[in-house]
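Okay, so here's the structure we're looking at.
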Amino acid sequence: FDDIGKYLEDSAKFTIIHPLNDAIPIDRKIPSSMAKNYTYIDSRRNSGPEDGSQTALVSFNPSILPLNSDLDENLLDYLTGRYHPDITDEEADQVKYLSIARASNGPHGCGSAMPRYGYNPREHSYLSLTLLDYYLQPIPNASAIVLAYQAMLPECYRRRKMKFSPFHDYQVIAVRSTKGNPKKDQLFMTASDVNTKIFPIDIRRVPAPTNSAEGWETKMTNDPVPMISQDPSSHLFYGTGLQVRFMKNVRPPNETDCELILNYNAIDRMKNYHFFDIPNPNGGVDALNYVELRPHFTRNLRPVNFYAEKFEKYGDWELIPGGTFQSIHNNGARNRNDVILNQFKVGEPKQQFLPPKNFELKAMNGRGTSCCVDLDFGKNQTFKVGISHTHTGVERGYLSRFYAFSAKPPRFLTVAISGPFCLGGLDKEKDMNAEMQVFPAPDLDENRLHPPNVTFDCPHITFASGLIEYQADKNFVVISYGVNDCYSRSVVVSKKRIIELLDIKGTEGWRDWDWD
């Protein structure tokens, strides 16, 4: 597993440690001088007011959204700041990506193993946002973190009996929401715990903190999350350079049960879903959108919709046209009459390489991790490629695999699957910003990937939450991932190396098939 991961990383243009979001206040960070002190780190999760406002935050499980010509000009101007007279064109030109991550007070792996249970203060899981330049470096004073659950459902946040957050890992995607507009003009946020919720979101760069929405003309008219709070004890929002707003009302009519409100906003009852779009095969500018429920093993997906005239309240848009819930009480489980099964009759393709001999590994059931980039496999064949994951067993170590699928509807068949591999942790010699990863715990030998009968030279958990094309060189992709639930890392690796792992011998017949 580790040899394959190293072989992949050997093709890297560069690797980088993502610093902690600079919007996080100093009193909510672990000082570097205490990064080796497990007792202190643990105490920063289990002390202070019950509201959790003094607990320390760490950040992991990143993804990156390219800010490129696929986006509508207005959306792009809001994100880069070009719309604002106090942000220069030179400053706007610096912005190439939006980084999304989870900033959390626990559970995390920056000290001793920190379980989710057994802590008194409330669990915090912030949506972390940072603008990045071409080299994936953060742009100073262009970041924010927000407790999205509290912002959208403050009454639920106040009365929620359990102190656990219903939002853990976040993604932000750009979609086409306007018929006849070929550009992506709306952002959506997904938030996962036991299931995955999805909500429209607006984000714009501002030169200084403000609570005003003046000049912000989108399909939402709600007030932004306050950047300047009248309550000095507020911990809803931190940041100076990014403004955020959500829909006015995410509650279905007459629904007051907080768990059910979230379930009504769920994609389905589980998580690890991927969205992708394709050009309409019947012509026209309106793309077709899909959500990949499971990438392989039992591969299936469904069509989804993002087109709407406005995003003000629940019901203004319908994610699954005509879709109904099988059981809203079962984490928002939906009826599956619209689900497309995407398998060959003989099953999915075999892995390109297998686990080590005598290594016991439960069936890799192909849960989603990140998707999708388009890769040219030659012979005029372009396939979409994603990353899936599985657990190694009771130890819950993480292994990844690449998979490729046809972009031809209606079945989008899986054409290739690599073998399992793991990604690397901190490389003090090569990683940009290596000095900013101050916690020794996630990279210690005892925290290597260690299924029952062998130890591998990679972290126990590497969750590849982001996969995009690198904008400065389209021959490379950026794989972003969390390391042992403690810090974030990205590797900018060659497309050719990924293709090689999907076709080890270069003889796969699927390259020649007519997928039309």
Side-chain angles (χ1 to χ4, degrees), residues 1-20 35 58-64 99 101 108-110 135-137 352-353 355-356 359 361 364 369-370 373 385-392 395-402 418-451 454-468 470 476-502 504:
F1 305 139
D2 46 358
D3 288 342
I4 297 297
K6 290 174 183 177
Y7 182 67
L8 177 66
E9 190 169 316
D10 283 344
S11 74
K13 183 179 285 286
F14 65 89
T15 58
I16 184 169
I17 298 296
H18 295 287
L20 198 62
V58 299
S59 184
F60 50 95
N61 291 359
S63 60
I64 296 175
S99 172
H108 62 72
C110 291
Y135 302 100
L136 310 182
Q137 294 283 16
Q352 290 288 309
F353 46 90
F359 179 79
L361 182 65
M364 296 194 71
T369 319
S370 55
V373 293
V385 172
I387 299 175
S388 63
H389 76 276
T390 195
H391 302 139
T392 57
E395 302 82 8
R396 292 185 66 82
Y398 276 63
L399 291 169
S400 298
R401 286 190 295 186
F402 291 110
S418 75
F421 63 90
C422 55
L423 296 161
L426 173 68
D427 187 325
K428 294 182 179 179
E429 302 299 321
K430 296 180 180 179
D431 284 354
M432 298 168 61
N433 305 331
E435 72 285 357
M436 295 185 180
Q437 200 319 79
V438 299
F439 298 101
D443 293 297
L444 293 177
D445 287 346
E446 63 251 37
N447 291 323
R448 302 280 90 185
L449 180 65
H450 56 276
V454 66
T455 298
F456 294 97
D457 187 20
C458 55
H460 189 62
I461 297 172
T462 50
F463 187 76
S465 41
L467 177 68
I468 61 164
Y470 182 50
F476 288 79
V477 301
V478 183
I479 301 173
S480 302
Y481 56 99
V483 179
N484 276 339
D485 291 347
C486 178
Y487 66 91
S488 298
R489 187 175 190 253
S490 286
V491 294
V492 183
V493 298
S494 165
K495 288 182 178 179
K496 288 184 178 179
R497 191 60 55 92
I498 295 174
I499 291 172
E500 181 181 345
L501 295 178
L502 286 164
I504 290 291

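Because the structure is a prediction, the values reported are computed rather than measured.
Between Arg448 and Pro442, the closest heavy-atom pair is NH2-O, 4.3 Å. Annotation for Ala434 and Asp427: closest pair CB-O, 4.1 Å, computed over non-hydrogen atoms. Between Ser370 and Leu467, the closest heavy-atom pair is OG-CB, 3.5 Å. Between His108 and Asp485, the shortest heavy-atom contact is CB-O, 3.0 Å. Asp2 approaches Cys458 most closely through the heavy-atom pair CB-SG, 4.4 Å. The heavy-atom pair separating Val483 from Gly425 by the smallest distance is CG1-CA, 4.5 Å.
Without hydrogens or angle criteria, Tyr487 side chain to Leu426 main chain gives a donor-acceptor distance under 3.5 Å. Remark: the backbone N or O of His18 is not paired with any side-chain donor or acceptor of Ser488 at under 3.5 angstrom.
In this structure, the side chains of Phe1 and Val454 stay at 4.5 Å or more apart for every pair of heavy atoms. Within the 4.5 Å cutoff, no side-chain heavy atoms of Val373 are placed close to those of Ile498. Counting heavy atoms from C-beta on, the side chains of Lys428 and Asp443 never come closer than 4.5 Å. Inter-residue side-chain proximity for Phe439 and Val58 is flagged as met; some heavy-atom pair is nearer than 4.5 Å. Contact of the Ile499 side chain with the Val385 side chain is not registered, since no non-hydrogen atoms from C-beta on lie closer than 4.5 Å.
For Ser59, the side-chain contact (heavy atoms from CB on, under 4.5 Å) criterion is met by Leu20, Ala101, Ser128, not counting sequence neighbours. Every residue meeting the side chain to side chain donor-acceptor pair (under 3.5 Å) condition with Ser63, not counting sequence neighbours, appears here in chain and number order: Gln171. When the side-chain contact (heavy atoms from CB on, under 4.5 Å) test is applied to Thr369, the partners found at least two apart in sequence or on another chain are Ile387, His389, Phe463, Ala464. Partners of Ser388 by side-chain contact (heavy atoms from CB on, under 4.5 Å), not counting sequence neighbours, listed by chain and number: Pro295, His296, Arg401, Tyr403. Applying the side chain to side chain donor-acceptor pair (under 3.5 Å) rule to Asp3 yields no partners; only residues at least two apart in sequence or on another chain are considered. Residues that satisfy the side-chain contact (heavy atoms from CB on, under 4.5 Å) test with Phe14, not counting sequence neighbours, are Ile16, Leu136, Met432, Tyr470, Val492.
For the side-chain contact (heavy atoms from CB on, under 4.5 Å) with Phe476, the qualifying choice from Lys13, Lys496, Arg497 is Lys13, the only one to do so.
Taken from CG in Asn447 to CG in Asn484, the straight-line distance is 5.5 Å, to the nearest 0.5 Å.
A salt bridge is absent between Glu9 and Lys6: the closest approach of a Lys/Arg side-chain nitrogen to an acidic carboxylate oxygen does not fall below 4.0 angstrom.
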Discussion item. Go through it in stages, so that I can follow the logic: the residues are Ile4 and Gln352, the test is side-chain contact (heavy atoms from CB on, under 4.5 Å), and I'd like the CA-CA distance, side-chain angles, deciding distance and then a yes or no.
Written reply: CA-CA 12 Å; Ile4 297 297; Gln352 290 288 309; over 6 Å; no
Worksheet item: Passes side-chain contact (heavy atoms from CB on, under 4.5 Å), Ile479 versus Leu8? Steps please.
Response: CA-CA 11 Å; Ile479 301 173; Leu8 177 66; 4.1 Å; yes
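For Phe353 and Phe421, the ring centers are positioned 6.0 Å apart or more.
With 3.5 Å as the limit, one finds no donor-acceptor pair spanning the side chains of Tyr398 and His460.
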